[in-house]
Every structure is written in structure tokens, then in C-alpha cells.
Amino acid sequence: MDVQNKPVVVVGAGPCGLVAACELLRLGVPVRVLDAEPEPAKGSRAIILWPPTLEVLAELGVLTDAEARGVRAKALAYHMGDGKVLRIELGSDNEPLLLPQEETGRLLVAALEKLGGRVEQSTRVVEVHERGDSVVVHAMGPDGVESIEAAWLIGADGIGSTVRQQSGVEFAGDAVPTTFLLAEGELSGAFDRNEVHYFLRANGVMLLSPLPEGRVRVSGPIAPDLPVTEETAQRVLDERGPGGLRFTTFTTLGTFTSQERIAATLRQGRMFLVGDAAHVHSAVGGQGLNLGVQDGRNLAWKLAGVIDGRFAPAVLDSYSVERRAAAEQVVKATSRMAKQAVVGPIGSRVRNAVWALLDATGALRSWYAPMLAGRLTRYPDVLFGTRSPRDQRRGRSRALPQRGSRTPTWVPDPAEPTAGLRLLTLGVSGGDLDRAGRALADRFPGVLAHEHFTGRGGAGFLLLRPDGFVADSGASIEALTGIDRALSVIAETSNSPR
């Protein structure tokens, strides 16, 4: 059996595993999704879907349904101890959708089934090992143990990942020594339900976030030995909130803790890690689910291209390097935010003064909001392997987004969906760059699609990846020559088995 006829096995049917499976199915790759639990997970859990995740939902055809079930956050409101409110208007580029994780999961399962897949519940993976050009997966299901021969294996099975443990990958890091209250339900009293509120008080920090159907989430650090009762939740709301708000019902009441860990590698041979199996961090900022979804988005187009013969296997080497870099950026940012949440009275005054300064200088709008939204994530320049110093410098333009940055929001949607890279040339239609771009796409069919865009001033080009990042950019024909060499590295030219 050749690799094209073997499925990719995805272990874990949370949002991250489901996205990886859906993206592969969308690209024509057969997939089996195995999940140990008897039914999909319940509960709100991760509630913030930032724009890059919404892009994935749009690709899978479920964004409209998600928006109908969720709540848009138009701004972040930071309530300072002196009564001042720092309000960050997010704008359409940075607005998240607030949607309980169980609803996100339902939508992704529906997308999976529409694409011809299904989740095999009550199927626990007990052993995995590589054998030649396959991964053998032993899974305990309702009918006993099954041995599955897979082309590749994706571990999306959470912090205690069997796939990670079986592959021997180290998961270094530590627990975050903070206990957070989590209370959800309905409130009486008035507050702006189009905003996510953060109360930065001397006696503690508190999140107040709207949820669908008139519910809210209240969360904040508490003493680990404090009894978790309705009275405790109300007291936290009274002491740290705006006043005049009361819980009238509770749907969730508990605590949670977190850890900061990143797997030593996110790829071991034919096995990959995504989501919490690959990295975990503080829940502050609502980054976790979003980070894992982008793992699946990054991996799927590369893996599909290798399986169907368009890309050389070496393209998969970039997955771990890029996604570990993204995870390190998120862990660093969330760790800093989490530490600010538990400072004492003196530290809180310093923190609030710094926040006021950031607001006065415009940094909260220009830097902080895009950072939370995932717009500032950067990849190292590894997709095309090691480039010569000359190619690194050739034709670079500071006016255009740089390699490894997010695709800018002004870029138009593609005329047709593509499973490969997209070359967008800019400037005069029919000019040198336009003609060179068409010629380049002709040399790399299936790998590169070309479009010309005249709606942006100045000549240049962007080489865009399917996962929302810039692979390269430049302003000259000379720079486009470097693209030719880069594409030769990742384009498959051999008919040998993969």
C-alpha cells in the first residue's frame, strides 16, 4: 500500500485535532480521527476566537454559524484602581468572537462530517510506533484492539498526550503557581456587553466577559485554599468589579490552574504534535485554542502537499521550528500578563501606571491589541531551508511585509482556492513583475498560483502561504529570481515513494 492510500490518523477530537483533520480532508487527504472519550467534551472552556482562527472557520464554511451563536467583542476595557477606564477599540481586524469551546467543537464536527470524515469516539490509542514508511497505531475501541497503518500521525491528545509520550519527546516546563476562579452564569445589573472587561484593582484582577445567551464569565486569581462557593464568586465580583452586579444563576463554578511547557520538538519522524500536546501556557489572553488551531493550519497544507507529490518531504522540517517559535512568543507574553495579575498593592500601582502610559502613547491600540489578536506572530525564515546571504538581502523592501509575518489585511482573497503558495504581484498590470509572476507560476504548477493586484501603490510582490503568513516579499525582478530558487527547494521533483 503506498502512502497516498493510507490515512493520516489524528488522535484527539478537540478543536485543534478537528481543524487539522478538516483541513486535510479539504485538501483531499484521507483521515481517521480517534478520540478516547465516549462523547464530545462539554463546557465553555476556551471562549475567545481571535481573527486568525476565524479565518480557519471561514475556510471550513462554518464562520457564519459561529457568528450567529457567538458574541463579538468590540473593545477591551481596562478599569483602573483610580476609576479611569482605558478602552481599546479593536476594529474589525482584531475583533474576537466569544464562543464556548463546546460550540466551536460542534461546528468543527459538522464541518468534518460534511467533508466525509467522522470522529471515532471511545477509541483510546495505547501504542504507536514507526515501521518503514508508516506509523502503526494500536487503538482500543468498542470492538477491541485495532492496529491501524497510517501514513502520518498527528497527536492532538492534550497535555497528557499518549502520542508525545510514546514518541519520547520531552515536555519541559513548570506549573504556574496561581489558582483562578471560574464562574459563569447570568448577572443582574448594567455593564457594556459588547466589551471584554478587565478590572485592575489593588486587591486583585478580575475578568468580566460576555458570553452568548446573556451569560457572562467572571474569573480572577484567588487563594488556592479559598472555598469555591457561590458566595465566593459574588464576593470577588463585589470587591473587584464595578459594583451593582449580582449573579442570579450559575452554570459553571470552579477553579483552574495552568502550566508553561513546550515540547522539545513538534515532529518526531512521522509523528506530529499540535495543541496542548505540543504546548501549554497561562490562560490569560485567551491564546491557547488559537495557538493550537494555527498548528493544524500550518501542518495540513504542508502534509497534504507532500502526500500528493507537489512538495518535497523537506518542507515538513519547517513545521516544528515555526510552531515552536510561535509557542515561545505566546508563552512569553502570557507569562508576563499572568505575573501582572498577581502583584501586590504596590506592584499594582506600578502596573496601572505603566498601562496608563501605554494608553497615552497609543501602544495599547497599535501593539497590544494586534498582539492578542495574533497579528504580530513571526516565523523564522526556514521554509525554504538555508538561504545565502545574497538571497536574504536581494530586493528586500521595507514598504512590504517581511518574511514570516502575517499576511496583511489589505491583501484580497484569492480568486480561486489554492492548496499551494500564492504569488501576488503589485503595480502596473502587464508590467515586468506581472509577466514574470505568470511565467514563474507556469514553471511550478500545483505549487504556485499567480495573481496581479493593482489596488496597492508601488511595484513589488508577496509570496503568500495558505496558512496566512508571508513566505517572501520584494520589489524587483531580481528579488523574484530568488523566489525561483526557493521554490525549487520545496517543489517535489522526484517520483520516489514518500
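Note that the coordinates shown come from a computational prediction; the quantities given were computed from them, not determined experimentally.
- The pair Arg324-Glu328 meets the salt-bridge criterion, since a charged nitrogen lies less than 4.0 angstrom from a carboxylate oxygen.
- A heavy-atom distance below 4.5 Å is not found between the side chains of His79 and Met206.
- For the pairing with Leu57, the side-chain contact (heavy atoms from CB on, under 4.5 Å) check across Leu49, Val293, Leu107 returns one residue only, Leu49.
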Do Asp359 and Tyr78 pass the side chain to side chain donor-acceptor pair (under 3.5 Å) test, and can you show the C-alpha distance, the side-chain angles, and the key distance before you say yes or no? CA-CA 10 Å; Asp359 180 59; Tyr78 290 84; over 6 Å; no
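- Just one residue in the list Arg378, Arg465, Arg267 forms a salt bridge (Lys or Arg N to Asp or Glu O under 4.0 Å) with Glu322, and that residue is Arg465.
- Using a cut-off of 4.0 Å between Lys/Arg side-chain N and Asp/Glu carboxylate O, Glu67 and Arg72 are scored as salt-bridged.
- Counting only heavy atoms from C-beta outward, the side chains of Val331 and His279 never approach each other to under 4.5 Å.
- When atom types are taken as modelled, the side chain of Gln234 and the backbone of Phe247 share a donor-acceptor pair closer than 3.5 angstrom.
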Please evaluate residues Arg375 and Glu55 with respect to the criterion salt bridge (Lys or Arg N to Asp or Glu O under 4.0 Å), reporting the C-alpha separation (whole Å), side-chain torsions for both, the decisive distance (0.1 Å), and the verdict. CA-CA 12 Å; Arg375 299 290 184 197; Glu55 292 172 9; 3.7 Å; yes
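- Contact of the Val274 side chain with the Tyr319 side chain is registered, since non-hydrogen atoms from C-beta on lie closer than 4.5 Å.
- With Thr248 contributing its side chain and Glu186 its backbone, the two residues share a donor-acceptor pair below 3.5 Å.
- One finds no salt bridge joining Glu195 and Lys74 here, because no Lys/Arg side-chain nitrogen approaches an Asp/Glu carboxylate oxygen to under 4.0 Å.
- Between Gln165 and Phe171 the shortest side-chain heavy-atom distance does not fall below 4.5 Å.
- Using a 4.0 Å cut-off between charged side-chain N and carboxylate O, Arg118 and Glu113 make no salt bridge.
- With sequence neighbours excluded, no residue satisfies side-chain hydrogen bond (donor to acceptor under 3.5 Å, both in side chains) with Glu239.
- In this structure the side chain of Val56 reaches within 4.5 angstrom of the side chain of Glu23, judged on heavy atoms.
- Proximity of Val19 to Gln294: side-chain heavy atoms (C-beta onward) are nowhere separated by under 4.5 Å.
- Residue-environment remark: CD (Glu102) exceeds the threshold of 12 foreign heavy atoms within 6.0 Å.
- Other residues, nucleotides and ligands place more than 12 heavy atoms under 6.0 Å from the CZ atom of Arg193.
- Around the CZ atom of Arg422, the shell of radius 6.0 Å holds more than 12 heavy atoms that belong to other residues, nucleotides or ligands.
- You'll find the side chain of Leu181 stays beyond 4.5 Å of the side chain of Leu226, heavy atoms only.
- With sequence neighbours excluded, no residue satisfies side-chain hydrogen bond (donor to acceptor under 3.5 Å, both in side chains) with Asp65.
- Side-chain contact of Thr179 with Thr255: a donor-acceptor pair under 3.5 Å is absent, judged by distance alone.
- Between the side chain of Arg124 and the main chain of Ala36, no donor-acceptor pair closer than 3.5 Å is present.
- Side-chain atoms of Pro242 and His197, non-hydrogen and from C-beta on, never get closer than 4.5 Å to each other.
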